[in-house]
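Below: the structure, in structure tokens.
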Amino acid sequence: MLVTGGAGFIGSALIRYLIKETNNTVINVDKLTYAGHLENLEPIENSDHYHFEQVDICEYEAMKEIFRSYKPDAIMHLAAESHVDRSIDGSVEFIRTNIVGTHNLLEVAKEYYLGLADQKKKQFRFLHVSTDEVYGELGEVGFFKETTPYDPRSPYSASKASSDHLVRAWYHTYDLPVLITNCSNNYGPYQFPEKLIPVVILKALQGKDIPVYGSGENVRDWLYVDDHARALYKVLEEGAVGETYNIGGHNEKQNIEVVETICSILDNVQPQDDDKLYKEQITFVTDRPGHDWRYAIDASKIEEKLGWKPEETFDSGIKKTVQWYLSNIDWCQAVTENNYGLERLGAGG
Ligand code: TDX
């Protein structure tokens, strides 16, 4: 099994799951950008079933060589630039990795697939991991379904939408056996501290302002990363070729609710010396340009067709997550050292 982006947040959760819970051999192909860290794989790095190759998915010859030497039965493609705020500040890497990189991978996978014997061809799968942001934003009501028309609105989501279209085109045009998943906001251990939840935890602990964009009323639908990893493997193993599956956690929350929940967990588990409450650090800041109002996933297809359901509630998942960050402050320092100081990104202007 070849996993791209396996040193990132979701990719590493997937590889830890594959090595611990299945008999698959995993080849992790990762460029190790600012958001990719081999520390995320420490729990499984000594497994005989795990191999790592530091390669950029845009490199045609290097990717061809990886397919030639490892002969994977399947590819799970998670390598991507993923932070909306960074895509607002500069879109070049998003276009390059998410669109050009996916195209390169499709070409290499297609050539490899065409050369396989019939039996191997039947087994081969290309799973493309994408986001609910391709569907645009919702108002107060409704849910994203697999049939919702695409309407991406940030440079990031437009690049992911492009990659989804390319993957579908390679299925229809070349019969490459693809599957696509679109998920809601992930959270959990090892998330790079630029996304909302780890930013809030770390800013709170550092005694700094906790930045909430706009009114704080935007809604996101939170999915615990280990639930996502299980869903991805289920889709790979049991999903119908050419189909798309939405993956969501049934946990719609306003951002301000998420932030206040984290503050009150911290008040309990790590009270401040002077009995100050962490929520006093909450600061409303300039909104993100083009800030999508609400995301919410209708995950009934994957539940009904494949029998997948999230196991974690937001209450249990967020407690585990806060606890993980408290126990892994060293990891936070190691992964942000020399590359990111939790400063505001994507404010426009
Ligand atoms: O400091 C912050 N303050 C704040 O209010 C940050 C970093 C974010 N926010 C808001 C913006 C969003 O409404 O919190 C919400 C979540 O923001 P992000 O963590 O940046 O995630 P989002 O923009 O919703 O996109 C995420 O979900 C879909 C992932 O980053 C994407 O990779 C995924 O595809």
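Atoms within a ligand are numbered from 1 in the order they appear, just like the ligands themselves. The structure displayed is predicted, hence computed values, not measured ones.
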Query raised in the report: Donor-acceptor pair, N24 side chain versus V26 backbone, under 3.5 Å?
Result: no
Query raised in the report: Which protein non-hydrogen atom lies closest to atom 28 (C) of ligand 1, naming both residue and atom, and how far is it?
Result: E133 OE2, 2.9 Å
Query raised in the report: Which atoms of ligand 1 have any heavy atom of Y295 under 4.0 Å away?
Result: 24 (O)
Requested in this report: Please indicate whether any nitrogen or oxygen in E194 is less than 3.5 Å from any nitrogen or oxygen in ligand 1.
Outcome: no
Query raised in the report: V212 heavy atoms, cut-off 4.0 Å: which ligand 1 atoms fall inside?
Result: 5 (O)
Requested in this report: Answer yes or no: does an N/O atom from L196 fall short of 3.5 Å to an N/O atom of ligand 1?
Outcome: yes
Query raised in the report: For the residue pair F314 and W222, does the interplanar ring angle fall in the parallel (under 30°), tilted (30 to 60°) or perpendicular (over 60°) class?
Result: tilted
Query - N or O contact, R220 vs ligand 1, cut-off under 3.5 Å - result: yes
Query raised in the report: Do you see a donor-acceptor pair shorter than 3.5 Å between the side chains of Y187 and N251?
Result: no
Report summary line: the protein heavy atom lying closest to atom 21 (O) of ligand 1 turns out to be N185 ND2, 3.4 Å
Report task. Under the ring pair (Phe, Tyr, Trp, His ring centres under 6.0 Å) rule, what do Y340 and Y34 come out as? Steps first, then yes or no, please. Result -> CA-CA 8 Å; Y340 183 52; Y34 78 93; 7.7 Å; no
Query - ligand 1 versus K160: contacting region, heavy-atom distance under 4.0 Å - result: neither
Query raised in the report: For ligand 1, is there an N or O atom under 3.5 Å from any N or O atom of R288?
Result: yes
**Report entry** Stepwise ring pair (Phe, Tyr, Trp, His ring centres under 6.0 Å) check, Y135 with Y295
**Finding:** CA-CA 9 Å; Y135 301 122; Y295 305 144; 9.8 Å; no
Query raised in the report: For ligand 1, is there an N or O atom under 3.5 Å from any N or O atom of P211?
Result: yes
Requested in this report: Scan side-chain atoms only and decide if S12 and R16 contain a donor-acceptor pair under the 3.5 Å cut-off.
Outcome: yes
Report task. For ligand 1, find out whether one of its N or O atoms is nearer than 3.5 Å to an N or O atom of T131. Result -> yes
Query raised in the report: Taking the six-membered ring for Trp, is the centroid-to-centroid distance between Y112 and F124 below 6.0 Å?
Result: yes
Query raised in the report: Does an N or O anywhere in Y156 fall below 3.5 Å from an N or O of ligand 1?
Result: yes
Query raised in the report: What about S82: any of its N or O atoms under 3.5 Å from an N or O on ligand 1?
Result: yes
**Report entry** S264 (side chain) donor-acceptor with T261 (main chain) under 3.5 angstrom
**Finding:** yes
Report task. Please state whether H291 comes within less than 4.0 angstrom of ligand 1, counting heavy atoms only. Result -> yes
Report summary line: atom 10 (C) of ligand 1 has as its nearest protein heavy atom N255 ND2, 3.4 Å
Query raised in the report: Please, which pairs that meet side chain to side chain donor-acceptor pair (under 3.5 Å) have at least one residue in residues 308-327, sequence neighbours excluded?
Result: E312-S316, E312-K320, T313-S316
Requested in this report: Ignoring hydrogens and angles, tell me if any N or O in the side chain of S69 forms a donor-acceptor pair with the backbone of E65 under 3.5 Å.
Outcome: yes
Report task. Starting from atom 8 (C) of ligand 1, find the nearest protein heavy-atom neighbour and note its residue, name and distance. Result -> Y213 CE1, 3.6 Å
